[in-house]
Q: 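Once you've had a glance at the structure underneath, I'll fire off some questions.
If you read the sequence from its start, that first residue is 1, and numbering goes on from there. Atom set for the values below is all heavy atoms of this structure, side chains included, hydrogens, waters and symmetry mates excluded. Here the structure is a predicted model, which is why all the values come from computation and not from measurement.
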Amino acid sequence: MHEGNCTGMSSSNRTGSSPMTFTLTGIPGLEALHHWISIPFCALYLIALLGNCMILFIIKKTQSLHEPMYYLLSMLAVTDLGLVLCTLPTTLGIFWFNMRRIGFDACLTQMYFIHILSFIESSVLLAMAFDRFIAISHPLRHSSILTKTTVMKIGLVIILRGMVSLLPIPFLLKRLTYCGKIELSHSFCFHPDIMNLACADIKVNVFYGMIILLSTVGTDFIFIVLSYILIIKTVIGLATKEECLKALNTCVSHICAVLVFFIPMIGLSMIHRFGKNVPPLVNTLVAYTYLIIPPALNPIIYSIKSSQIREALLRALRRKTESEW
């Protein structure tokens, strides 16, 4: 867009240099099926809400799960709940009631929290990789290195890192001039999506967004890979094949969570920056995969692969059944 396009926007859609509202988009080309499409989305949201609440409940009530790995898993569950609650109102609002309008400030607020929670999830996955490395490489010192206080400090640093690094983004978007098209590509607000609607120079936004993405999520991913290189190196040095498999088995859940989160996130970032010719439907599906699938799958992955959580869940269900009888 160029500056000359600004005449295309009516005064009713502008307040100074910012639009009063943006228009959200459901699934392009399938608007007539939104009511039916909402069924699997409702199922995924319900699984994510119930699954993550269940993880938090089980960890809180089970004394044997009061360990660093499960404290970090609790952080992951809270983050996933936050992501679900950020996107659920606007997504189901479009599917059920065709409520496509969102105020400019409300859009920036939603965008800010979506990105913060995404950065927090990335950092929590890094902390979990570090936990697995310590548990496998220094099993006898694991509990003394990662104490409850240390985990709480890690959590505080993760939150502050996300909040501070992303704080300039809403202000950088507010300074831009928007004109002509005010329709976003998703049913939620996403920084590159809003930025690309501006008819002003967005080089600062592009540069800052890229720097922040590389210095946070990019760095987290590199250190996660390095952690697993060190883990594999340690596992190779174990005495027996059974010990190797047992050690690697403790990492399977985390590896699945990393792949489920990072693959669609990287894909969405690439599409927004370089995929101008990608069909809108592909863009939309990758975005939903990035924000809805990980919160729904993470509790399932950890419930299946973690015998401690599985056993605690079965005990809780058994107690409930006995109390009913």
Side-chain angles (χ1 to χ4, degrees), residues 21-27 41 44-45 48-49 52 75-95 99-125 158-174 176 183-197 205-206 208-218 220-221 257 260-273 283-298:
T21 61
F22 283 122
T23 304
L24 299 170
T25 302
I27 299 184
F41 276 83
L44 286 170
Y45 278 129
L49 290 169
N52 286 293
M75 290 184 199
L76 187 68
V78 170
T79 307
D80 282 339
L81 283 172
L83 278 171
V84 166
L85 294 174
C86 274
T87 60
L88 185 150
T90 51
T91 301
L92 294 187
I94 290 174
F95 289 157
M99 294 171 60
R100 298 183 62 198
R101 294 283 181 178
I102 184 169
F104 183 69
D105 290 330
C107 188
L108 293 186
T109 302
Q110 185 191 43
M111 175 216 69
Y112 182 64
F113 280 103
I114 285 174
H115 286 297
I116 279 181
L117 290 165
S118 296
F119 282 21
I120 289 174
E121 179 137 355
S122 169
S123 300
V124 170
L125 289 170
I158 286 171
I159 294 168
L160 289 174
R161 178 201 191 200
M163 291 177 66
V164 172
S165 62
L166 288 165
L167 192 59
I169 294 289
F171 299 102
L172 288 172
L173 290 171
K174 265 184 172 290
L176 296 174
E183 186 174 13
L184 298 171
S185 305
H186 308 294
S187 61
F188 56 86
C189 297
F190 195 61
H191 174 239
D193 206 15
I194 301 171
M195 174 182 71
N196 288 331
L197 294 182
N205 295 67
V206 172
Y208 186 77
M210 187 65 74
I211 291 295
I212 291 301
L213 188 66
L214 292 175
S215 63
T216 53
V217 177
D220 291 345
F221 184 73
V260 164
F261 175 75
F262 277 101
I263 289 174
M265 185 186 202
I266 293 168
L268 186 61
S269 298
M270 293 300 102
I271 286 171
H272 270 285
R273 281 167 177 81
N283 186 7
T284 301
L285 292 177
V286 173
Y288 284 133
T289 303
Y290 160 51
L291 285 177
I292 300 176
I293 298 299
L297 282 186
N298 284 340

Q: List in chain and number order the residues that pass side-chain contact (heavy atoms from CB on, under 4.5 Å) with Thr23, two or more places apart in sequence or in another chain; answer none if no residue qualifies.
A: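 side-chain contact (heavy atoms from CB on, under 4.5 Å) check on Thr23 returns Arg100, Arg101, Ile182, Glu183.
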
Q: Please name all residues satisfying salt bridge (charged side-chain N to carboxylate O under 4.0 Å, His left out) with Asp220, sequence neighbours left out, ordered by chain then number.
A: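 If we apply the salt bridge (charged side-chain N to carboxylate O under 4.0 Å, His left out) test to Asp220, skipping adjacent residues, the hits are Arg161.
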
Q: Can you tell if the side chain of His191 reaches within under 4.5 Å of the side chain of Tyr112, non-hydrogen atoms only?
A: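 No, their side chains stay 4.5 Å or more apart.
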
Q: Mind checking side-chain contact (heavy atoms from CB on, under 4.5 Å) for Ile293 and listing every partner two or more places apart, or none if nothing turns up?
A: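 Ile293 satisfies side-chain contact (heavy atoms from CB on, under 4.5 Å) with Leu44, Val260, Thr289, Leu297 only.
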
Q: Starting at CD1 of Ile114, measure out to CG of Leu166 and round the result to the nearest 0.5 Å.
A: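 That separation rounds to 12.0 Å.
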
Q: Show me the pairs that pass salt bridge (Lys or Arg N to Asp or Glu O under 4.0 Å) and involve residues 75-93, at least two apart or across chains.
A: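 Output for this query is empty, none listed.
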
Q: Just so I know, are the side chains of Ile194 and Leu108 near enough to count as touching, which here means a heavy-atom distance under 4.5 Å?
A: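 Yes. Closest side-chain heavy atoms under 4.5 Å.
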
Q: Over all heavy atoms of both residues, which pair between Pro264 and Val286 is shortest? Give the atoms and the distance, please.
A: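 Taking every non-hydrogen atom into account, O-CG1, 3.7 Å.
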
Q: Between Ile158 and Val124, is any pair of side-chain heavy atoms under 4.5 Å apart?
A: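 Heavy-atom side-chain distance check passes, below 4.5 Å.
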
Q: Hey, are the side chains of Cys107 and Leu184 touching, using non-hydrogen atoms and a 4.5 Å cut-off?
A: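 Counting from C-beta outward, Cys107 and Leu184 do come under 4.5 Å.
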
Q: Output all residues satisfying disulfide (SG to SG under 2.5 Å) with Cys86, sequence neighbours left out; order by chain, then residue number.
A: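 Cys86: no disulfide (SG to SG under 2.5 Å) contacts found.
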
Q: For Thr91, check side-chain contact (heavy atoms from CB on, under 4.5 Å) against everything at least two apart and list the hits.
A: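 Result, side-chain contact (heavy atoms from CB on, under 4.5 Å) vs Thr91: Phe41, Tyr45, Thr87, Phe95, Ser187, Tyr288.
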
Q: If you look at every heavy atom in Ser165 and Ile212, which pair is closest and at what distance?
A: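 Closest pair (atom of Ser165, atom of Ile212, distance): O-CD1, 3.6 Å.
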
Q: Assess whether side chain to side chain contact (heavy atoms under 4.5 Å, CB included) is satisfied between Val217 and Ser118, documenting all intermediate values.
A: CA-CA 9 Å; Val217 177; Ser118 296; over 6 Å; no

Q: Within this structure, what is the CG-CG distance for the pair Asn205 and Leu172, rounded to the nearest 0.5 Å?
A: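 Reported to 0.5 Å precision, the distance equals 5.0 Å.
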
Q: Nearest 0.5 Å, what's the CG-CE distance between Leu173 and Met111?
A: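 Reported to 0.5 Å precision, the distance equals 5.5 Å.
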
Q: So how far is it from Ile116 CD1 to Leu83 CG, rounded to the nearest 0.5 Å?
A: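 Going from the CD1 atom of Ile116 to the CG atom of Leu83 covers 11.0 Å.
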
Q: Just wondering, more than 12 heavy atoms not from Met99 lying within 6.0 Å of its CE?
A: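 It does not: Met99 CE has 12 such atoms or fewer within range.
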
Q: Donor-acceptor pair, Asp193 side chain versus Ser185 backbone, under 3.5 Å?
A: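 Yes, because the side chain of Asp193 sits within donor-acceptor range (under 3.5 Å) of the backbone of Ser185.
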
Q: Kindly write out the residues that satisfy ring-ring contact (aromatic ring centres under 6.0 Å, His included) with Phe261, not counting sequence neighbours, or none if the list is empty.
A: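 Phe261: no ring-ring contact (aromatic ring centres under 6.0 Å, His included) contacts found.
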
Q: Given the rule in the side chain to side chain contact (heavy atoms under 4.5 Å, CB included) test, do Thr284 and Thr25 qualify, once you have shown the distances and angles that lead to the verdict?
A: CA-CA 9 Å; Thr284 301; Thr25 302; 5.7 Å; no

Q: Taking only residues two or more places apart in sequence or in another chain, which ones pass ring-ring contact (aromatic ring centres under 6.0 Å, His included) with His115?
A: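 Result, ring-ring contact (aromatic ring centres under 6.0 Å, His included) vs His115: Phe190.
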
Q: So, taking the atom named CZ in Phe188 and the one named CG in Leu88, what distance separates them when rounded to the nearest 0.5 Å?
A: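 Spacing of CZ (Phe188) from CG (Leu88) equals 13.0 Å.
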
Q: Please give me the minimum heavy-atom distance between Asn52 and Pro295, naming the atom from each residue.
A: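 Shortest heavy-atom separation between Asn52 and Pro295 comes out as ND2-O, 3.0 Å.
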
Q: Take Phe22 and Leu197 through the side chain to side chain contact (heavy atoms under 4.5 Å, CB included) test and state the conclusion after the steps.
A: CA-CA 10 Å; Phe22 283 122; Leu197 294 182; 3.7 Å; yes

Q: Could you tell me which residues satisfy side-chain contact (heavy atoms from CB on, under 4.5 Å) with Val206, sequence neighbours excluded, listed by chain and number?
A: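 Testing Val206 for side-chain contact (heavy atoms from CB on, under 4.5 Å), a comparison that skips the adjacent residues, returns Met195, Ile202.
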
Q: Is the shortest side-chain heavy-atom distance between Leu49 and Val84 below 4.5 Å?
A: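 A side-chain contact exists here, since the closest heavy-atom pair is under 4.5 Å.
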
Q: Among residues at least two apart in sequence or on other chains, which ones pass ring-ring contact (aromatic ring centres under 6.0 Å, His included) with Phe221?
A: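 Only Phe262 meet the ring-ring contact (aromatic ring centres under 6.0 Å, His included) criterion with Phe221.
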
Q: Can you list every salt bridge (Lys or Arg N to Asp or Glu O under 4.0 Å) pair that touches residues 103-119, not counting sequence neighbours?
A: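 Output for this query lists Asp105-Lys174.
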
Q: If you count every heavy atom of other residues, nucleotides or ligands that lies below 6.0 Å from Phe113 atom CZ, does the total exceed 12?
A: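 No, not enclosed.
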
Q: As a quick check of understanding, evaluate side chain to side chain contact (heavy atoms under 4.5 Å, CB included) for His186 and Leu24, giving each step before the final call.
A: CA-CA 6 Å; His186 308 294; Leu24 299 170; over 6 Å; no

Q: Just jot down the side-chain hydrogen bond (donor to acceptor under 3.5 Å, both in side chains) partners of Thr90, sequence neighbours excluded, or say none.
A: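 Only Gln110 meet the side-chain hydrogen bond (donor to acceptor under 3.5 Å, both in side chains) criterion with Thr90.
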
Q: What I'd like to find out is whether the side chain of Ile27 reaches to under 4.5 Å of the side chain of Ile94, using heavy atoms alone.
A: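 Result no, sub-4.5 Å side-chain heavy-atom pair not found.
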
Q: As an exercise, state the distance from CG of Leu117 to CG of Leu85, rounded to the nearest 0.5 Å.
A: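 Nearest 0.5 Å value for the CG-CG distance: 9.5 Å.
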
